[in-house]
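To find a chain, count down the sequence lines: A is the first, B the second, and so on, and within it residues start at 1. On a predicted model such as this, the values are computed, not experimentally measured, just so you know.
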2 protein chains.
Amino acid sequence: MKFSTSEENYIKSIYHLQQQGGVVSTNNLASELQTKAASVTDMLKKLNAKNLLHYERYQGFTLSDEGIKVALGIVRKHRLWEYFLVHKLEFGWDEVHAIAEELEHITSPLLVEKLDTYLSHPKFDPHGDPIPDVNGKMELRQQVNLIDLALNQEAEVSAVGSQSTELLELLKHKNIGIGTLLTVVRKFTFDNSLEVKVKNFPPFSISQQLAQTLFLKPTYGSTTVGSISK
Amino acid sequence: MKFSTSEENYIKSIYHLQQQGGVVSTNNLASELQTKAASVTDMLKKLNAKNLLHYERYQGFTLSDEGIKVALGIVRKHRLWEYFLVHKLEFGWDEVHAIAEELEHITSPLLVEKLDTYLSHPKFDPHGDPIPDVNGKMELRQQVNLIDLALNQEAEVSAVGSQSTELLELLKHKNIGIGTLLTVVRKFTFDNSLEVKVKNFPPFSISQQLAQTLFLKPTYGSTTVGSISK
DNA sequence: AAATAAATTTAGACAAACCTAAAACTTTTT
DNA sequence: AAAAAGTTTTAGGTTTGTCTAAATTTATTT
Ligand SMILES: [Mn+2]
Ligand SMILES: [Mn+2]
Ligand SMILES: [Mn+2]
Ligand SMILES: [Mn+2]
C-alpha cells in the first residue's frame, strides 16, 4: 500500500512517541507534529480505516504490526539519507534532519536499497540511532545515559538525545563526538555535574543537562537500553 | 518565493514545451502532464498571478523571465540527481527519470550545491542534456541529429531523444552509449537506414527510427543545434 | 458525588489540486 | 459569411489535509 507524505509523517511520529510512552495521546501527537488536535483526530480515523492503528475513541492509540512495519520503512529511509548527507555530502550533523524529513518520502524501494549498498550498509545514523534493515530489524545497541554511567567505567559515545546546533557547538568545543571514549572520574551531587576524562586530554567538566543528552556503550560488560531520538 | 510540487511540475513542463514550439497551448500542456485542460487553466491563473507567465486568455502562454529562472532551477536539480543515480548508485539510464521527478522537488538550495560539488560539477546528465549552473547558464552543445550527419564525418554521441528502456536495450546491443565515436559510411534512400562504423567493430546498420533519436557532436568543425529531452 | 478542568471528538469551513460538463471563444471548412 | 469543429475557459463538485468553535467524554478537585 502507498501512503501520502502527510500519512507517513503521522505514522513515523506515532512510532517515535510510542517507543517512549507506550500508548500515544491526541494532544501529544498534535504538539509533536505542530498541528491541532482536531487535525490529528481526522488523520487517526484514516489510519485506523487502513488498519495501521489500534485506536479506541478517547482512549489513545498505538501502531498495529502493519503500522510498525510502515514506520520502520520510513525511519530506515530517513536515517540512510542522514548518513548520506553527513558522510558523502559533508553536511554538519545538525543540518541534516530537515532535509531527511523530505527525502524520506521518496517512493522508490530500489533507490533505498541502492543507497544502502552505496553507503556500505551502515548500522547507525550520524546521531547514533540504529538504521533498520530491509526487514525492519535493527541493532538495539546497549546504551547507558552518561548520568548513569558507573565511575571509572570506560564507555564510547554512541548516540545523542538532541540534534540541535547548540548541542553540536558545545560538543565540538569539548572535542566529543560519536565514537569518543571517556570515563567518569567524579560526580558532584551539588549540581549533578561530572568530571570526565578523555585520553590525551586533561579532565574536564560536563553539566547535568549535557550528560542527560549523551548515550554511551560501555567498553566491557554492559547495562540498560537507553532512549533514542530521530 | 517557494512553489508547490505541482506548480514546479507545471513550470518545468512549460519550459520544455516552449523550448520546442515557442508559445504553449493549454491542450499541449495538459497532454504533457497527463491531466485535463480545465486543470491546466486553473493552474495558469495561479502562475500568472505570481508573475511567472506571459498569458492572454485563449491565446497561449510562455514563461516570464522569472518563470524561466525558476524552471532552470528545477531542471538543474533534476539532471544533477539523474547524474547521481547513474554514476554513483549505478542505476540504468532508463530507470532514473521517474525518481528524479520526485527528487527535483527537495527544497534545500545548500543540498543542490553540495550535491553538485560531490559530483564534481558535471556539465551533462546521463542522457546528454546540459545541466544549468547556479545562475541558470548551461553549455548549448553543438549537436547534429545522426540523420543529418555528413558522410565520413566522425562524431561523438552526446545525447538521446528518448529515455525508454526499449531504446537503452537496443543501444546496449549495438554497443553505443554517450561518448561513442562513429562515422556514417553509407546512407540508403530506400528505408533511410545508415551503415555506420565504430572503431574496432565491424560496420553495422542503424534504422531511421534509431538515427532520429541520436544526437552527436562532430569531432572537428560543426553545425546545428539539436532538440533536447528531459 | 458534584463541579470543574482537561482532553478528545464532531461540525462546519477553507485552500489546493484535481475532475466533468457546459459555455465561450477561435479556427477551419463549406 | 455561416456553419462546423476544435480549443479554452467557466461553473460546480470531489478529495486531502488543514483549521476554529462547539459538543462530548474523561480526569481531577472540592
Ligand atoms: Mn517527513
Ligand atoms: Mn538521526
Ligand atoms: Mn517532478
Ligand atoms: Mn535527463
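The two atoms that bring B:K36 and B:A30 nearest to each other are C-CB, 3.9 Å, heavy atoms only.
Residue A:R57 places at least one side-chain N or O under 4.0 Å from the OP1 or OP2 atom of C:dT10. For D:dT8, one of the phosphate oxygens OP1 or OP2 lies less than 4.0 angstrom from a side-chain nitrogen or oxygen of B:S25. Contact check, B:N27 against D:dT8: a side-chain N or O comes under 4.0 Å of OP1 or OP2. Look at B:K45 and you won't find any side-chain N or O under 4.0 angstrom from OP1 or OP2 of D:dT9. Contact check, A:S6 against D:dT18: a side-chain N or O comes under 4.0 Å of OP1 or OP2. The phosphate of C:dC19 (OP1 or OP2) has a side-chain N or O of B:T35 nearer than 4.0 angstrom.
Across all strands shown, B:F61 has no heavy atoms under 4.0 Å from either base or sugar-phosphate atoms. At the heavy-atom level, A:S39 lies under 4.0 Å from base atoms of the strands shown. At a threshold of 4.0 angstrom between heavy atoms, the contacts of A:Y55 are confined to the sugar-phosphate backbone, with no base atom among them.
Counting atom types as modelled, B:Y58 pairs no side-chain N or O with a base atom of D:dT7 as donor and acceptor under 3.5 Å.
Side-chain proximity of B:A38 to the nucleotides D:dT8, D:dA11, C:dT10 is greatest for D:dA11.
Across the protein-nucleic acid pair, A:N48 atom CG and C:dT10 atom C1' stand 16 Å apart, rounded to whole Å. Spacing between atom NZ of B:K50 and atom C1' of C:dA16 amounts to 10 Å, rounded to whole angstrom units. Atom NZ of A:K36 and atom P of C:dA11 are 21 Å apart (whole Å). When the C1' atom of D:dT25 is taken as reference, atom CD of A:E56 falls 14 Å away, rounded to whole Å. Computed from coordinates, the B:D42 CG to D:dT8 P distance equals 15 Å when rounded to whole Å. Straight-line distance from the CE atom of A:M43 to the P atom of C:dT8: 18 Å, rounded to whole Å. Taking atom CG on B:L47 and atom P on C:dA16, their separation rounds to 12 Å, with Å as the unit. In this entry the distance linking CG of A:L29 with C1' of C:dA7 reads 14 Å, nearest Å.
The salt bridge (Lys or Arg N to Asp or Glu O under 4.0 Å) contacts involving residues 22-31 of chain B comprise nothing, where partners must be two or more places apart or lie in separate chains.
In this pair, A:F84 and B:Y118 present their aromatic rings perpendicular. The plane angle is above 60°, beyond the 30 to 60° band. Between B:H97 and B:H78, the two ring planes are tilted [angle within 30° to 60°].
Paired with A:E7 under the rule side-chain hydrogen bond (donor to acceptor under 3.5 Å, both in side chains), one option of A:K50, A:K12, A:K2 passes, and it is A:K50.
Of the residues near DNA chain D, A:E7 and B:T26, the one whose nearest nucleotide (by heavy atom distance) lies more toward the 5' end is B:T26. Mapped onto DNA chain D by nearest heavy atom, A:Q59 and B:L44 fall at different nucleotides, with B:L44 at the one closer to the 5' end.
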Q.
Evaluate A:L103 against B:L103 for side chain to side chain contact (heavy atoms under 4.5 Å, CB included), listing each step before the verdict.
A. CA-CA 8 Å; A:L103 286 166; B:L103 286 166; 3.6 Å; yes
